K.L.:
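The following block contains the structure, expressed as structure tokens.
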Amino acid sequence: MSEERPEELQAGPGGAGEYPDADRAAVEDEPPPSARVPLSRERVVAAALAYIDDNGLPGLTMRRLGEQLGVEAMALYRYVPSKEDLLDAVVETLVADVRADDVVVDAPQDGWQDFLQRLAHGVRRMALAHPKAFPLVASRPAEAPWLRPPLRSLQVVETFLSGLLQEGFSDAAAIEAYRAYTSFLLGHLLLEVAVHGADVGPLDVLDDQTGEPGTARYPTVAKLREPLSEDRSAVEFEEALEALLDRLSITRNEHLDD
């Protein structure tokens, strides 16, 4: 038998080096990848998040994920019962990343403004680290139907509300703050991740386009094209967050006067 191997045995359908070839390993009497690094729920979820980061959410299937891990798709169902369960686990991982962020604190230490700023920056860092996965935070069912993304877990919301109550917010003011804060974060970050290639439906129109079709008919737009295209996401985030905190300070004081 020739020592030359057919190309299809050297790499999977995605191209050479994209994932281990379990079939070739078996032919050559090598241990399969899953034997070298045992599968676990954590490894499957981490691989799914990595796939989404590299390829986007629409292309994720259990078959492709199995190929990436060097196993049959059916082997994954021992660890994730369904794709829906897998996506929920990815969201849990993203939320856990926020809670594990060094800048995020479990309770106010230097005032409620600092507390909310830290949490906001933790959520933004998670979104920028995983822009193509962040829309899942907005679209997957939350632990409770009345929770608002991107603060998706009961534990995070408990920390948020109890922190504000500790800082003198009334129940009503804390609820108003929660609603305004989540609306600000979600709206700003969905716009920002769309620019970074996230599949967010109609927001995809924000993706940068080559060429300037039709701008000759719109002289003001053409003149201002360069400043319009500047990425001011970080500055806008800070300015909007400061404005929100100023608004919440007024809300807090109004409820104290009631």
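On a predicted model such as this, the values are computed, not experimentally measured, just so you know. When reading the values below, keep in mind they use all heavy atoms of this one structure, side chains included, and skip hydrogens, waters and symmetry mates.
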K.L.:
Which pair of non-hydrogen atoms, one from Pro149 and one from Ala138, has the smallest distance, and what is that distance?
P.N.:
CB-CA, 3.9 Å
K.L.:
Would you find more than 12 non-hydrogen atoms of other residues, nucleotides or ligands less than 6.0 Å from Gln166 atom CD?
P.N.:
yes
K.L.:
Run Arg63 and Glu72 through side-chain contact (heavy atoms from CB on, under 4.5 Å) and show every step you take.
P.N.:
CA-CA 7 Å; Arg63 179 183 63 79; Glu72 293 290 335; over 6 Å; no
K.L.:
So how far is it from Glu239 CD to Arg232 CZ, rounded to the nearest 0.5 Å?
P.N.:
5.5 Å
K.L.:
Are Leu189 and Glu192 packed together at the side-chain level, in the sense that at least one heavy-atom pair is separated by less than 4.5 angstrom?
P.N.:
yes
K.L.:
Which pair of heavy atoms, one from Val104 and one from Gly122, lies closest together, and at what distance?
P.N.:
CG2-CA, 3.8 Å
K.L.:
What distance separates Leu241 CG from Glu236 CD, expressed to the nearest 0.5 Å?
P.N.:
13.5 Å
K.L.:
Looking at side-chain heavy atoms only, is the closest gap between Leu136 and Ile52 below 4.5 Å?
P.N.:
yes
K.L.:
What pairs meet the ring pair (Phe, Tyr, Trp, His ring centres under 6.0 Å) rule with one or both residues in residues 42-90, with sequence neighbours excluded?
P.N.:
none
K.L.:
With a 4.5 Å limit on heavy-atom distance, are the side chains of Arg43 and Leu69 in contact?
P.N.:
yes
K.L.:
Which atom pair, heavy atoms only, marks the closest approach of Ser233 to His188?
P.N.:
O-NE2, 3.5 Å
K.L.:
Which atom pair, heavy atoms only, marks the closest approach of Leu60 to Ala48?
P.N.:
CD2-CB, 4.5 Å
K.L.:
Partners of Glu238 by side-chain contact (heavy atoms from CB on, under 4.5 Å), sequence neighbours excluded?
P.N.:
His121
K.L.:
Once you round to the nearest 0.5 Å, how far does CG of Leu147 lie from OG of Ser153?
P.N.:
8.0 Å
K.L.:
Are the side chain of Tyr181 and the backbone N or O of Leu245 linked by a donor-acceptor pair below 3.5 Å?
P.N.:
no
K.L.:
With sequence neighbours left out, what residues match Glu167 under side chain to side chain donor-acceptor pair (under 3.5 Å)?
P.N.:
none
K.L.:
With a 4.5 Å limit on heavy-atom distance, are the side chains of Val123 and Val137 in contact?
P.N.:
no
K.L.:
Please walk me through it: do Glu242 and Gln117 pass side-chain hydrogen bond (donor to acceptor under 3.5 Å, both in side chains)?
P.N.:
CA-CA 9 Å; Glu242 289 292 336; Gln117 284 178 325; 2.8 Å; yes
K.L.:
Is there a side-chain contact (heavy atoms from CB on, under 4.5 Å) between Met126 and Val95? Walk through the geometry before answering.
P.N.:
CA-CA 8 Å; Met126 175 269 285; Val95 173; 5.8 Å; no
K.L.:
Can you tell me how far CG of Leu161 sits from CG of Leu154, rounded to the nearest 0.5 angstrom?
P.N.:
10.5 Å
K.L.:
Taking atom CG of Asp246 and atom CD1 of Ile250, what is their separation to the nearest 0.5 Å?
P.N.:
7.0 Å
K.L.:
May I have all residue pairs that pass ring pair (Phe, Tyr, Trp, His ring centres under 6.0 Å) and include part of residues 96-115, sequence neighbours excluded?
P.N.:
Trp112-Phe169
K.L.:
If you define the side chain from C-beta out and look only at heavy atoms, does anything of Leu49 sit under 4.5 Å from Leu94?
P.N.:
yes
K.L.:
In the single-linkage hydrophobic clustering (I, L, V, M, F, W, Y; side-chain heavy atoms under 4.5 Å), do Met62 and Met74 co-cluster?
P.N.:
yes
K.L.:
When clusters are formed by joining ILVMFWY residues with side-chain heavy atoms under 4.5 Å apart, either directly or through shared neighbours, do Trp146 and Ile175 land in the same one?
P.N.:
no
K.L.:
Looking only at heavy atoms, which two atoms of Pro131 and Val193 are closest? And how far apart?
P.N.:
O-CB, 3.6 Å
K.L.:
Using side-chain heavy atoms (C-beta onward) and a distance below 4.5 Å, is Gln68 in contact with Arg64?
P.N.:
no
K.L.:
With Arg140, which residues qualify under side chain to side chain donor-acceptor pair (under 3.5 Å), at least two apart?
P.N.:
Glu84, Asp88
K.L.:
For Asp106, enumerate each residue passing the side chain to side chain donor-acceptor pair (under 3.5 Å) test, keeping only those at least two apart in sequence or located in another chain.
P.N.:
none
K.L.:
Name all residues meeting the side-chain contact (heavy atoms from CB on, under 4.5 Å) criterion together with Ser162; count only those two or more places apart in sequence or in a different chain, and write none if there are none.
P.N.:
Glu158
K.L.:
Sequence neighbours left out, what pairs pass side-chain hydrogen bond (donor to acceptor under 3.5 Å, both in side chains) with at least one residue falling in residues 169-180?
P.N.:
Glu176-His255
K.L.:
Sequence neighbours excluded, which residues qualify as side chain to side chain donor-acceptor pair (under 3.5 Å) partners of Asp53?
P.N.:
His130
K.L.:
For a 4.5 angstrom cut-off between non-hydrogen side-chain atoms, does Val98 reach Leu119?
P.N.:
yes
K.L.:
Identify the heavy atoms of Leu190 and Pro135 that sit nearest to each other, and give their distance.
P.N.:
CD2-CA, 4.3 Å
K.L.:
List the residues meeting side-chain contact (heavy atoms from CB on, under 4.5 Å) with Ser183, not counting sequence neighbours, and say none if there are none.
P.N.:
Arg148
K.L.:
If hydrophobic clusters are built from ILVMFWY residues whose side chains come within less than 4.5 Å, do Val103 and Phe160 share one?
P.N.:
yes
K.L.:
Any salt bridge between Glu92 and Arg152, counting N to O under 4.0 Å?
P.N.:
no
K.L.:
Taking only residues two or more places apart in sequence or in another chain, which ones pass side-chain contact (heavy atoms from CB on, under 4.5 Å) with Ala180?
P.N.:
Leu244, Arg247, Leu248
K.L.:
Output the distance between atom CG (Leu185) and atom CG (Leu151), rounded to the nearest 0.5 Å.
P.N.:
6.5 Å
K.L.:
Quick one: salt bridge (Lys or Arg N to Asp or Glu O under 4.0 Å) partners of Asp85, sequence neighbours excluded?
P.N.:
Arg41
